[in-house]
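Take a look at the structure below.
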Amino acid sequence: FPSHDTSQYSTSGVPVTEPHKIKWLVQNNLIMEEQRDENSKHTINYVKIAGLKDKNVETKINDRIQSKVTEIEKALQPETIAPFRGVRTKIFEDSKLLNSSVYSFTAFNFNHILSVQFQGSGNYGADGSMYGGENTIFLNISDAINIDLNTGDEIALKNIFMNGVIVTGK
């Protein structure tokens, strides 16, 4: 085999003699607290964070999470359901919300970014019935927020990727 002169690459650092693992993802040192509010027909379950040095940013983030939970709760009300294609042919403004749940979970918690996903679901008595039965309709709503833990500001998904990188769903 031909020998390779490596003298041009020598450094004053420690020579690398084996593969070195680089942690591209460093987990945030957060404490996740589960918050729960429940009655017989409605359940709310969401995360609250603790452990940031900047308590103002921590409060801002927790307020935003709580605000998103409230948005999902309101979006499940029959009179305020978004006009998803065909939804008004099944769930009318006078339909009864029989039961609902809203919950959130941490989808990503690395490199000073926190992503929280929200799921809301509701069962509706589509014929105005309070009891459901064969005319019960189910609806699920999903949403997410991405937050910079340094500032508490939301980050648009498009801003997470480098310029010039083509992101495809394939």
Side-chain angles (χ1 to χ4, degrees), residues 13-14 16 19-88 90-91 93 95-124 137-170:
V14 177
V16 176
H20 179 72
K21 292 183 179 179
I22 298 174
K23 291 185 177 185
W24 295 103
L25 293 175
V26 178
Q27 188 163 10
N28 300 318
N29 191 21
L30 293 178
I31 299 166
M32 300 296 182
E33 300 172 351
E34 183 178 332
Q35 304 296 305
R36 190 171 181 87
D37 183 14
E38 183 175 4
N39 66 38
S40 62
K41 294 189 178 195
H42 307 287
T43 302
I44 300 170
N45 200 4
Y46 61 96
V47 296
K48 182 177 179 180
I49 68 162
L52 287 180
K53 289 180 182 177
D54 188 332
K55 296 304 177 191
N56 291 327
V57 170
E58 186 174 285
T59 298
K60 181 179 178 180
I61 292 169
N62 285 326
D63 288 350
R64 181 61 187 118
I65 292 170
Q66 179 61 50
S67 172
K68 182 58 81 172
V69 167
T70 301
E71 287 175 34
I72 299 288
E73 275 185 288
K74 287 180 182 176
L76 289 170
Q77 297 304 314
E79 62 276 5
T80 57
I81 291 174
F84 303 117
R85 184 176 180 175
V87 75
R88 287 293 174 212
K90 299 290 183 184
I91 302 173
E93 287 187 22
S95 294
K96 303 294 183 207
L97 179 59
L98 304 174
N99 55 54
S100 66
S101 71
V102 178
Y103 69 95
S104 71
F105 60 91
T106 304
F108 186 84
N109 182 23
F110 297 93
N111 297 8
H112 306 288
I113 296 174
L114 176 67
S115 294
V116 180
Q117 185 167 345
F118 300 84
Q119 296 287 326
S121 61
N123 286 309
Y124 302 85
I137 304 296
F138 176 79
L139 178 69
N140 190 56
I141 299 172
S142 297
D143 204 350
I145 53 175
N146 304 300
I147 301 172
D148 180 341
L149 293 177
N150 295 306
T151 64
D153 295 336
E154 282 192 58
I155 305 169
L157 192 57
K158 68 179 183 176
N159 294 333
I160 292 177
F161 297 99
M162 293 175 28
N163 290 336
V165 173
I166 298 172
V167 180
T168 64
K170 298 179 182 179

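Side chain of Thr43 to main chain of Ser101: no donor-acceptor pair is present (N/O by atom type, distance under 3.5 Å, no hydrogens or angles). Put simply, the side chain of Asn45 never gets that close to the backbone of Arg36: no donor and acceptor are under 3.5 Å apart. Side-chain atoms of Thr80 come within 3.5 Å of backbone atoms of Lys74 as a donor-acceptor pair (strictly under, hydrogens ignored). Side-chain N or O atoms of Tyr124 include one that pairs as donor or acceptor with a backbone N or O of Leu76 at under 3.5 Å. No donor-acceptor pair closer than 3.5 Å links the side chain of Asn109 to the backbone N or O of Gln27.
Looking at residues two or more places apart in sequence or on another chain, you find no salt bridge (charged side-chain N to carboxylate O under 4.0 Å, His left out) involving Glu93. By the salt bridge (charged side-chain N to carboxylate O under 4.0 Å, His left out) test, Lys53 pairs with no residue at all, sequence neighbours left out. With sequence neighbours left out, the salt bridge (charged side-chain N to carboxylate O under 4.0 Å, His left out) criterion links Asp143 to Lys68. Shown here are the ring pair (Phe, Tyr, Trp, His ring centres under 6.0 Å) partners of Phe110, two or more places apart in sequence or in another chain: Phe108. For Gln35, the side-chain hydrogen bond (donor to acceptor under 3.5 Å, both in side chains) criterion is met by no residue, not counting sequence neighbours. Listed by chain and residue number, Lys60 satisfy the salt bridge (charged side-chain N to carboxylate O under 4.0 Å, His left out) test with Asp153 (two or more places apart in sequence, or in another chain).
Nearest approach of Gly120 to Ile72, heavy atoms of both residues: CA-CG2, 3.7 Å. In this structure, Ser95 and Pro78 approach most closely via the heavy-atom pair O-CG, 3.2 Å. In terms of heavy-atom proximity, Gly152 sits nearest to Val57 at N-CG1, 3.6 Å.
Atoms CG and CD1, on Leu97 and Ile91 in that order, are 9.0 Å from each other to the nearest 0.5 Å. For the atom pair CD1 of Ile44 and CD of Glu38, the computed distance is 10.0 Å after rounding to the nearest 0.5 Å. Taking CG of Asp148 as the start and CG of Asn111 as the end, the distance is 11.5 Å to the nearest 0.5 Å. To the nearest 0.5 Å, atoms CG (Leu30) and CE (Met32) are separated by 4.5 Å. Interatomic distance, CG of Asn28 versus CD1 of Ile113, reported as 8.5 Å (0.5 Å rounding). One finds the CD1 atom of Ile147 at 7.5 Å from the CZ atom of Arg64 (value rounded to the nearest 0.5 Å).
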- Item | Audit row: Ile81, Arg88, side-chain contact (heavy atoms from CB on, under 4.5 Å) steps and yes/no | CA-CA 9 Å; Ile81 291 174; Arg88 287 293 174 212; 3.9 Å; yes

- Task: Walk me through it: do Glu58 and Lys55 pass the test salt bridge (charged side-chain N to carboxylate O under 4.0 Å, His left out)?
- Result: CA-CA 5 Å; Glu58 186 174 285; Lys55 296 304 177 191; 3.5 Å; yes

- Task: Just do the side-chain contact (heavy atoms from CB on, under 4.5 Å) check on Val102 and Tyr46 with the steps written out, would you?
- Result: CA-CA 8 Å; Val102 178; Tyr46 61 96; over 6 Å; no

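More than 12 heavy atoms of other residues, nucleotides or ligands shown are found within 6.0 angstrom of CG on Asn39.
Defined by atom type and a distance below 3.5 Å, a donor-acceptor pair is present between the side-chain atoms of Ser115 and Asn146.
The only option from Val47, Ile61, Ile49 that meets the side chain to side chain contact (heavy atoms under 4.5 Å, CB included) definition with Val116 turns out to be Val47.
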